[in-house]
Amino acid sequence: MPQRIPKHLSRRHSAETRALAIEPAHVQWFVNQVEAWYKEQGRSFPWRKPGMSLYQLLIIELLLQRTRAETVNRFHAGFFLHYPDWNSLARANRMDLEAALKPFGLYRRRAKVFQILASAVVGTGGELPRSVEDLGALPGLGPYMVNAVLMYRDGAPVPLLDGGVARVLERFFGPRELVDIRDDPYLHCLEERILELSKEPSEINWGIIDISALICMKNITHCHLCVLSKKCPNNRYGLS
DNA sequence: GTCCTGTAGC
DNA sequence: GCTACTGGAC
């Protein structure tokens with residue numbers, strides 16, 4: 001008599017099987033192509049270079065949520081002039097903070113999250129927690145933000161899986177299992193394999209992000225410019 | 001009108 | 001699962 005497997009577990013298992021069935025050489029080729037392309041053609045932003053505090057990096061990553069990197073690039077310096085650290089954020093007047101956040105969008109939500117987060121960090125001595133569990137418990141920090149902190153602070157080989165990255169991975173490797181990328185076992189298993197084969201976590205993560213933003217966009221794809229098109233099942237080269 | 005380096009509430 | 005959150009860029 002075969003044991004009954006709960007539906008969500010069997011779906012998880014099949015998704016991971018699908019991700020693990022991809023040839024190692026195929027994943028390695030993807031990683032090599034993206035990393036080589038990133039060194040030549042990747043975007044350059046201040047937060048990708050040394051010199052920013054962990055506070056600034058975390059705020060920038062929060063600002064990048066549902067917001068174009070170019071927009072964050074243009075306005076972030078002005079914001080940090082007024083709010084240079086956790087203390088200034090925690091003490092800020094809510095309306096002033098909202099006004100400073102308007103150029104980025106989502107300003108009421110962000111003002112609230114920034115202040116709750118700042119109070120929490122100031123309350124524990126101005127240091128962010130070390131563990132994944134405690135980081136994820138901070139207000140406003142989901143799986144993406146936790147990984148961003150681990151990557152910037154610890155150089156950890158963890159993925160930055162956003163909507164654009166999911167799009168690139170799905171077009172090249174095949175579709176996800178679930179609607180929400182944060183819970184999808186296929187994309188997470190795939191990312192684990194990609195980060196394992198990468199030499200530098202930030203380069204592969206930013207490389208995929210930049211391909212999603214510049215080449216492999218939602219509605220327009222520039223397959224003729226893409227270093228992945230040769231082996232991409234979604235290749236529209238010649239058609240667009 | 002659509003999209004953008006997500007998260008939390010339902 | 002689905003949706004609100006927001007404004008800038010195209």
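Note that the structure is predicted; figures quoted are calculated from it, not measured. Just so you know, these numbers use all the heavy atoms, side chains as well, and skip hydrogens, waters and symmetry mates. Each chain gets a letter, A, B and so on, in the order its sequence line appears, and its residues count up from 1.
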Colleague: Between C1' on C:dA9 and CG on A:Leu214, what's the gap in Å once rounded to a whole number?
Modeller: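 So the two atoms are 14 Å apart, to the nearest Å.
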
Colleague: Let me know the distance between CG of A:Leu135 and P of B:dT7, rounded to the nearest Å.
Modeller: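 To the nearest whole Å, that distance equals 13 Å.
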
Colleague: Nearest heavy-atom pair of A:Ile215 and A:Trp37: which atoms, and what distance?
Modeller: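 Result for this residue pair: CG1-CZ2, 4.2 Å.
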
Colleague: Would you mind reading off the distance between A:Leu178 atom CG and C:dC2 atom P, rounded to a whole angstrom?
Modeller: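 After rounding, the reported distance stands at 12 Å.
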
Colleague: Mind checking A:Met145 for me? I need base, sugar-phosphate or nothing, with any heavy atom below 4.0 Å counting as a touch.
Modeller: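 Sugar-phosphate contact only.
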
Colleague: Nearest to the side chain of A:Gln65, heavy atoms from C-beta on, is which of B:dT7, B:dC4, C:dG8?
Modeller: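 Looking only at heavy atoms from C-beta outward on A:Gln65, the closest nucleotide is B:dT7.
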
Colleague: Using the closest heavy atom to pick a nucleotide of DNA chain B for each, name whichever of A:Pro143 or A:Met217 lands nearer the 5' end.
Modeller: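 It is A:Met217 whose nearest nucleotide is closer to the 5' end.
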
Colleague: Between A:His76 and A:Phe45, does a ring-ring contact (aromatic ring centres under 6.0 Å, His included) hold up when you go through it step by step?
Modeller: CA-CA 11 Å; A:His76 79 275; A:Phe45 293 116; 9.2 Å; no

Colleague: Between A:Arg176 and A:Asp183 (salt bridge meaning N to carboxylate O under 4.0 Å), is one present in this structure?
Modeller: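 Salt bridge between A:Arg176 and A:Asp183, a charged N being under 4.0 Å from a carboxylate O: no.
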
Colleague: Between A:Asp85 and A:Ser88, is any side-chain donor less than 3.5 angstrom from a side-chain acceptor?
Modeller: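 There is such a pair (donor and acceptor under 3.5 Å, judged by atom type) between the side chains of A:Asp85 and A:Ser88.
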
Colleague: Figure out the CD1/C1' separation between A:Ile220 and B:dC3, and round it to whole Å.
Modeller: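 Roughly 10 Å, once rounded to whole Å.
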
Colleague: Using a distance-only test with no angle check, is there a side-chain donor-acceptor pair under 3.5 angstrom linking A:Tyr186 and A:Glu170?
Modeller: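 A:Tyr186 vs A:Glu170: no donor-acceptor pair found between side chains.
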
Colleague: Do A:Thr221 and A:Arg167 have a side chain donor and acceptor closer than 3.5 Å?
Modeller: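 No, A:Arg167 and A:Thr221 have no side-chain donor paired with an acceptor closer than 3.5 Å.
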
Colleague: Any chance NZ of A:Lys230 has more than 12 other-residue heavy atoms, nucleotides or ligands included, within less than 6.0 Å?
Modeller: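 12 or below, so no.
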
Colleague: Base, sugar-phosphate, or nothing: which does A:Leu141 touch, judged by heavy atoms less than 4.0 Å apart?
Modeller: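 Since only primed, P, OP1 and OP2 atoms lie under 4.0 Å of A:Leu141, the category is sugar-phosphate.
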
Colleague: For the residue pair A:Ser202 / A:Glu200, report whether a side-chain donor-acceptor contact shorter than 3.5 Å exists.
Modeller: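 A donor-acceptor contact under 3.5 Å links the two side chains.
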
Colleague: Quick one: salt bridge (charged side-chain N to carboxylate O under 4.0 Å, His left out) pairs with a partner in residues 17-42 of chain A, sequence neighbours left out?
Modeller: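 Qualifying pairs, neighbours excluded: A:Arg18-A:Glu177, A:Lys39-A:Glu203.
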
Colleague: Heavy-atom contacts under 4.0 Å between residues 151-171 of chain A and DNA chain B, which residues?
Modeller: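 Nucleic-acid contacts, sorted: A:Asp162, A:Gly163, A:Arg167.
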
Colleague: Give me the distance, rounded to whole Å, that separates B:dC10 from C:dT6 when you measure between the P atoms they each carry.
Modeller: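 These two P atoms come out 16 Å apart once rounded.
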
Colleague: A:Ala213 near the nucleic acid: base, sugar-phosphate alone, or nothing, with a heavy-atom cut-off under 4.0 Å?
Modeller: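 Sugar-phosphate, backbone atoms only, no base.
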
Colleague: What's A:Glu70 touching, base or sugar-phosphate or nothing? Going by heavy atoms closer than 4.0 Å.
Modeller: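 A:Glu70: no heavy atom of the nucleic acid under 4.0 Å.
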
Colleague: Short of 4.0 Å, heavy atom to strand atom, which residues of residues 35-51 of chain A count as contacting DNA chain C?
Modeller: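 Those residues: none at all.
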
Colleague: Which pairs count as ring-ring contact (aromatic ring centres under 6.0 Å, His included) when at least one residue sits in residues 48-68 of chain A, sequence neighbours excluded?
Modeller: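 Of all non-adjacent pairs touching residues 48-68 of chain A, those that pass ring-ring contact (aromatic ring centres under 6.0 Å, His included) are A:Tyr55-A:Phe80, A:Tyr55-A:Trp86.
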
Colleague: Could you state the atom-to-atom distance from CG of A:Asp183 to C1' of B:dG9 in whole Å?
Modeller: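 From A:Asp183 CG to B:dG9 C1': 15 Å.
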
Colleague: Could you check how far NZ of A:Lys112 sits from P of B:dT7, rounded to whole Å?
Modeller: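 So the NZ-P distance, A:Lys112 to B:dT7, works out to 17 Å.
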
Colleague: Should we say atom CD of A:Gln28 is surrounded by more than 12 heavy atoms from elsewhere, each under 6.0 Å from it?
Modeller: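 Yes.
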
Colleague: A:Leu64 has an atom CG; how far is it from atom C1' of C:dT6, in whole Å?
Modeller: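 Rounded to whole Å, this separation is 15 Å.
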
Colleague: Pick out the pairs of N or O atoms, protein on one side and nucleotides 3-5 of chain C on the other, that lie under 3.5 Å.
Modeller:
residue, atom, partner, partner atom, Å
C:dC5, O2, A:Arg109, NE, 3.0

Colleague: What is the separation between atom CD1 on A:Ile181 and atom P on B:dC4, rounded to the nearest whole Å?
Modeller: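 Distance check: A:Ile181 CD1 to B:dC4 P gives 11 Å.
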
Colleague: Taking only N and O in the side chain of A:Asn219, is any of them less than 4.0 Å away from OP1 or OP2 of B:dT2?
Modeller: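 No, because none of the side-chain N or O atoms of A:Asn219 sits under 4.0 Å from OP1 or OP2 of B:dT2.
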
Colleague: Which residues satisfy the side-chain contact (heavy atoms from CB on, under 4.5 Å) test with A:Arg66, sequence neighbours excluded?
Modeller: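 With neighbours one apart ignored, the set is A:Leu106.
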
